[in-house]
Q: 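Before I ask anything, here is the structure I am working with.
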Amino acid sequence: MKIISISNNKGGVGKTTTTVNVAAAMNILKKKVLVIDMDHQAQSTYHLGVNPNKVKDSVFEVLKGEKSYKDIIIRTKGIELLPSSPDLKGIEFIPLPAKEFLLKEALEDLDGYDYVLIDCPPSLGVLTLNALAISDYIIVPLQVQFLPFHGMYNLFEAVQMVKKRINRNIEISGIIATMYSSNKSINREVVEETEKRLPGKLFNTLIRENVSLQEAPSWGKTIFEYKPDSNGAEDYMALTEEIISRFS
Ligand SMILES: Nc1ncnc2c1ncn2[C@@H]1O[C@H](COP(=O)(O)OP(=O)(O)OP(=O)(O)O)[C@@H](O)[C@H]1O
Ligand SMILES: [Mg+2]
């Protein structure tokens, strides 16, 4: 079982789009997948066709130790989902010690999946630390629209801190270029610069800018349900095959 956090402290870079569509592609490739939605915006829950406002218990109850994850998991589209709900942000304010290990403790006996994908919120707060504490790999989606290296270094520094104090085995295992458009020179520059500064990290598959990827979530559909012939579906399938071979 490989546990992968999809994380970037910057918002709107494609974390949720990547989590949901990689999970869907893995399911098509006959892998058993669990998605954990660790973002109180609950967008991957919604994207997977589950209304977060109608979810009775979420990962919040699991973190608080009030419910077993086994009673919370929802099966949707052939994928298993540990859903989020808006009240998840309350975890920041609960006075508990060692809060970065709540997920790890709650999922101690988790077994039987090929891949667990964790959709992280756009911050380096307690929810992201919980995700990183339990992960084997971190994948960072990087929007290639402008040179974002300053933000990236914050993330690298945070991962170094996590490595020292929380999870010795963690490192940034891959970077995904998202919302790529080959006719924009800035996109090509960011990809070249990333390859130069962080050799070997970038996945070969570039996720192209694709309007179907943008439309699919509002229908509660993955790209493979919504537009299986789109560039978005083609790119996420190619990326997933790459992830599986890189992390095997
Ligand atoms: N390849 C793409 N082409 C076009 N639009 C995209 C692409 N990937 C993501 N988007 C759109 O960009 C927006 C942000 O994507 P997404 O929600 O996946 O980012 P995020 O990093 O999870 O954001 P947040 O930090 O708020 O959780 C969404 O509207 C999404 O539909
Ligand atoms: Mg998101």
Side-chain angles (χ1 to χ4, degrees), residues 4-25 35-50 52 58-59 81-86 88-89 92 117-132 138-146 148 151-152 154-155 158 172 174-184 186-188 190-191 194 202-240 242-243:
I4 307 171
S5 274
I6 320 294
S7 186
N8 188 333
N9 49 326
K10 194 169 161 11
V13 295
K15 294 182 287 294
T16 300
T17 307
T18 298
T19 305
V20 166
N21 292 309
V22 167
V35 168
I36 305 178
D37 188 351
M38 283 295 273
D39 188 355
H40 64 79
Q41 298 176 94
Q43 278 162 350
S44 50
T45 298
Y46 191 81
H47 198 159
L48 282 167
V50 175
S58 72
V59 71
L81 168 69
L82 202 48
S84 174
S85 70
L88 181 59
K89 65 172 172 290
E92 305 272 354
L117 302 179
I118 311 181
D119 186 15
C120 293
S123 75
L124 296 167
V126 67
L127 291 166
T128 296
L129 293 180
N130 268 275
L132 300 188
I138 310 174
I139 295 180
V140 179
L142 178 70
Q143 191 181 358
V144 289
Q145 314 255 338
F146 51 94
M152 281 283 283
N154 291 342
L155 182 64
I172 293 182
I175 298 174
I176 307 167
T178 62
M179 304 180 215
Y180 181 83
S181 178
S182 62
N183 56 16
K184 290 186 190 151
I186 182 71
N187 289 189
R188 293 196 308 270
V190 173
V191 166
T194 307
L202 203 64
F203 284 97
N204 295 327
T205 308
L206 306 171
I207 305 296
R208 286 168 285 183
E209 195 164 33
N210 180 240
V211 70
S212 301
L213 285 171
Q214 216 164 16
E215 291 165 351
S218 48
W219 300 94
K221 288 185 174 174
T222 73
I223 194 65
F224 302 100
E225 296 170 296
Y226 181 68
K227 284 276 163 69
D229 300 329
S230 63
N231 288 345
E234 188 184 314
D235 293 347
Y236 272 109
M237 183 52 78
L239 173 70
T240 303
E242 226 188 317
I243 291 173

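Heads up: numbering here begins at 1 and tracks the sequence. Counting starts at 1 for both ligands and their atoms, following the listed order. These numbers come from a predicted model, not from an experiment. When reading the values below, keep in mind they use all heavy atoms of this one structure, side chains included, and skip hydrogens, waters and symmetry mates.
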Q: Assess Arg208 for proximity to ligand 1: is some non-hydrogen atom of it under 4.0 Å away?
A: yes
Q: Under 3.5 Å between some N or O of ligand 1 and some N or O of Val13?
A: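 N/O-N/O distance below 3.5 Å exists for this pair.
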Q: Quiz question: by atom type and distance under 3.5 Å, do the side chains of Thr18 and Tyr236 form a donor-acceptor pair?
A: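 Distance-only check passes for Thr18 and Tyr236.
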Q: Checking Ser84 side chain against Asp39 main chain: does a donor-acceptor pair fall under 3.5 Å?
A: yes
Q: Between Thr16 and Asp119, is any side-chain donor less than 3.5 angstrom from a side-chain acceptor?
A: yes
Q: N/O/S of Thr16 less than 2.8 Å from the Mg ion (ligand 2)?
A: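 Of the N, O and S atoms in Thr16, at least one lies under 2.8 Å from the Mg ion (ligand 2), which means yes.
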Q: For Tyr46, is the OH atom crowded, meaning more than 12 foreign heavy atoms sit under 6.0 Å from it?
A: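 No.
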Q: For the side chain of Asn187 and the backbone of Ser181, is there at least one donor-acceptor N/O pair under 3.5 Å apart?
A: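 Answer holds: yes.
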Q: Start with the C-alpha gap between Ile4 and Ile243, add the side-chain angles, then the distance that decides, and say whether side chain to side chain contact (heavy atoms under 4.5 Å, CB included) holds.
A: CA-CA 10 Å; Ile4 307 171; Ile243 291 173; 4.1 Å; yes
Q: List ligand 1 atoms under 4.0 Å from Ile207, heavy atoms only on the residue side.
A: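 Contacts of ligand 1 toward Ile207, numbered from 1: 1 (N).
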Q: Going by atom types only, do Ser44 and Asp37 share a side-chain donor-acceptor pair under 3.5 Å?
A: yes
Q: Tell me: protein heavy atom nearest atom 3 (N) of ligand 1, and distance?
A: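 Answer for atom 3 (N) of ligand 1: Asn210 N, 2.9 Å.
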Q: Could you list which atoms of ligand 1 come closer than 4.0 Å to a heavy atom of Leu213?
A: 1 (N), 2 (C), 31 (O)
Q: Can you find a pair of side-chain heavy atoms, one from Leu48 and one from Val35, that are under 4.5 Å apart?
A: yes
Q: Any idea which heavy atoms bring Lys15 and Lys10 closest together, and the distance?
A: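 Scanning both residues completely, I find the closest heavy atoms to be NZ-O, 2.8 Å.
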Q: Answer with side chain, backbone, both or neither: which part of Asp119 has a heavy atom less than 4.0 angstrom from an atom of ligand 1?
A: neither
Q: Under a 3.5 Å cutoff, is there a donor and acceptor pairing between the side chains of Ser230 and Ser212?
A: no
Q: Can you find a protein heavy atom under 4.0 Å from atom 7 (C) of ligand 1?
A: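 Given the 4.0 Å cut-off, atom 7 (C) of ligand 1 counts as touching protein heavy atoms.
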Q: What's the shortest distance from atom 19 (O) of ligand 1 to any protein heavy atom, and which residue and atom give it?
A: Gly14 N, 3.0 Å
Q: Specify the protein heavy atom at minimum distance from atom 13 (C) of ligand 1: its residue, its atom name, and the distance to 0.1 Å.
A: Met179 CE, 4.6 Å
Q: Using a 4.0 Å cut-off to any heavy atom of Pro122, which atoms of ligand 1 qualify?
A: 25 (O)
Q: Around atom 23 (O) of ligand 1, find the nearest protein heavy atom and jot down its residue, atom name and distance.
A: Gly12 N, 3.0 Å
Q: Any idea which heavy atoms bring Val191 and Ala177 closest together, and the distance?
A: CG2-CB, 4.2 Å
Q: Of all the non-hydrogen atoms in the protein, which one sits nearest to atom 25 (O) of ligand 1, and at what distance?
A: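 Looking only at protein heavy atoms, the one closest to atom 25 (O) of ligand 1 is Lys15 NZ, 2.8 Å.
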Q: Provide, to 0.1 Å, the distance between atom 11 (C) of ligand 1 and the closest protein heavy atom, together with that atom's residue and name.
A: Gln214 CG, 4.1 Å
Q: Quick one: does Thr178 get a heavy atom under 4.0 Å from ligand 1?
A: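 So Thr178 does not count as touching ligand 1.
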Q: Can you list the atoms of ligand 1 that are under 4.0 Å from a heavy atom of Asp39?
A: 27 (O)
Q: Report the part of Gln41 in contact with ligand 1, treating N, CA, C, O as backbone and CB onward as side chain, heavy atoms under 4.0 Å; options are side chain, backbone, both, neither.
A: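 Gln41 to ligand 1: side-chain contact only, backbone stays beyond 4.0 Å.
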Q: Which protein heavy atom lies closest to atom 18 (O) of ligand 1, and at what distance to 0.1 Å?
A: Thr17 OG1, 2.5 Å
Q: Under a 4.0 angstrom heavy-atom cut-off, which atoms of ligand 1 come close to Gly11?
A: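 Per the distance check, 25 (O).
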Q: Could you tell me whether Thr16 and ligand 1 have an N or O pair separated by under 3.5 Å?
A: yes
Q: Do the side chain of Thr178 and the main chain of Leu142 share a donor and acceptor less than 3.5 angstrom apart?
A: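 Looks like yes, one N/O pair under 3.5 Å.
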